[in-house]
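Let me begin by presenting the structure, written as structure tokens, before commenting on it.
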Amino acid sequence: GYEPGDNVVNLFVMGPLVPEAVAGAEQLLERGIFANVIVVSSPELLLGILGENSGYEHLTQTFGVTGDLHATESAGASQAGLVSIAGRRVPAVAIVDGEAGLLDNIGSIVGVKQRTQAVRKFSKCGRPSQIYKYHHLDADSIVEAAGQVLSETALENLQVSPGLLERLAGGNASARPNWRE
């Protein structure tokens with residue numbers, strides 16, 4: 001049932017929040033959503049200047065995280081027998097027990113929707129589970145963030161140009177002019 005573009009999300013996590021991300025992934029799986037949990041040990045190598053110098057090779061090649069569109073059947077098939085296709089990407093959720101900037105650029109690098117759960121307000125003292133909940137770093141908050149990016153991704157539209165429709169219908173749409181003209 002693993003269908004990228006339909007029921008898959010990437011969870012990027014650092015440090016002591018790995019158990020929370022795994023617990024969130026298990027909750028998502030109970031709802032039919034698959035979560036790839038990617039543990040980041042070096043944000044600099046993955047997303048920083050070192051990552052940029054390598055063309056983000058570890059992100060795109062080692063982990064296979066891309067902004068590729070995955071074609072899925074849309075719910076709005078017409079009575080004429082036409083199949084409606086949607087193109088969706090695999091969104092990302094980053095979970096950091098520190099400043100959001102450590103992992104908040106994954107989505108922009110690969111071109112996907114992303115939410116970053118991080119420390120965004122002054123902390124309080126308490127048990128780790130209490131602090132994680134306070135900062136929305138707990139498993140339930142991870143599930144909520146994953147649901148948000150998946151729903152935003154599901155609302156994206158795939159638009160087909162009139163010229164492409166004409167060519168697909170066997171018409172003779174003229175080729176695009178050179179952009180310099």
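The structure displayed is predicted, hence computed values, not measured ones. Side chains included, hydrogens not; waters and symmetry mates left out as well; all remaining heavy atoms used.
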Item to check | Verdict with supporting geometry, N36 and L11, side chain to side chain contact (heavy atoms under 4.5 Å, CB included) | outcome: CA-CA 6 Å; N36 300 315; L11 301 180; over 6 Å; no
Next on the checklist: Would you say CZ of R120 has more than 12 non-hydrogen atoms from neighbouring residues, nucleotides or ligands within 6.0 angstrom?
Outcome noted: yes
Item to check | Reference residue E20; test side chain to side chain contact (heavy atoms under 4.5 Å, CB included); the match among D140, D97, D138 | outcome: D138
Next on the checklist: I need the minimum non-hydrogen distance between G5 and V90, along with the two atoms involved.
Outcome noted: N-CG2, 3.9 Å
Checklist entry - Are I38 and I109 connected in a single hydrophobic cluster, I mean Ile/Leu/Val/Met/Phe/Trp/Tyr linked by side-chain heavy atoms less than 4.5 Å apart? => result yes
Next on the checklist: Under 3.5 Å, is there a donor on one side chain and an acceptor on the other for E52 and S54?
Outcome noted: no
Item to check | From CA spacing to verdict: side chain to side chain contact (heavy atoms under 4.5 Å, CB included), E44, I49 | outcome: CA-CA 6 Å; E44 177 60 27; I49 293 171; 3.4 Å; yes
Checklist entry - Any sub-3.5 Å donor-acceptor pair from Q117's side-chain atoms to H136's backbone N or O? => result yes
Checklist entry - How close do V8 and P91 get, heavy atom to heavy atom, and via which atoms? => result O-CD, 3.5 Å
Next on the checklist: Using every non-hydrogen atom in the two residues, find where Q27 and A139 come nearest and quote the distance to one decimal.
Outcome noted: NE2-CB, 3.6 Å
Checklist entry - Which heavy atom of V40 sits nearest a heavy atom of M14, and at what distance? => result O-CG, 3.4 Å
Item to check | Joint cluster assignment, V39 & I95, ILVMFWY side-chain distance < 4.5 Å | outcome: yes
Checklist entry - Nearest heavy-atom pair of L102 and V96: which atoms, and what distance? => result CD1-CG1, 3.7 Å
Item to check | Derivation and outcome, side chain to side chain contact (heavy atoms under 4.5 Å, CB included), residues L29 and I33 | outcome: CA-CA 5 Å; L29 188 57; I33 305 217; over 6 Å; no
Checklist entry - Where the side chain of R115 meets the backbone of A92, is there a donor-acceptor pair that is under 3.5 Å apart? => result no
Checklist entry - How about L103 and I106: do any of their side-chain heavy atoms sit closer than 4.5 Å? => result yes
Next on the checklist: Looking at every heavy atom in both Y2 and N7, which two are closest together, and how far apart are they?
Outcome noted: C-OD1, 3.8 Å
Checklist entry - Just wondering, do I131 and R127 contact through their side chains at under 4.5 Å, heavy atoms? => result no
Next on the checklist: Would the distance check show the side chain of Q148 and the main-chain N or O of V143 forming a donor-acceptor pair, the cut-off being under 3.5 Å?
Outcome noted: no
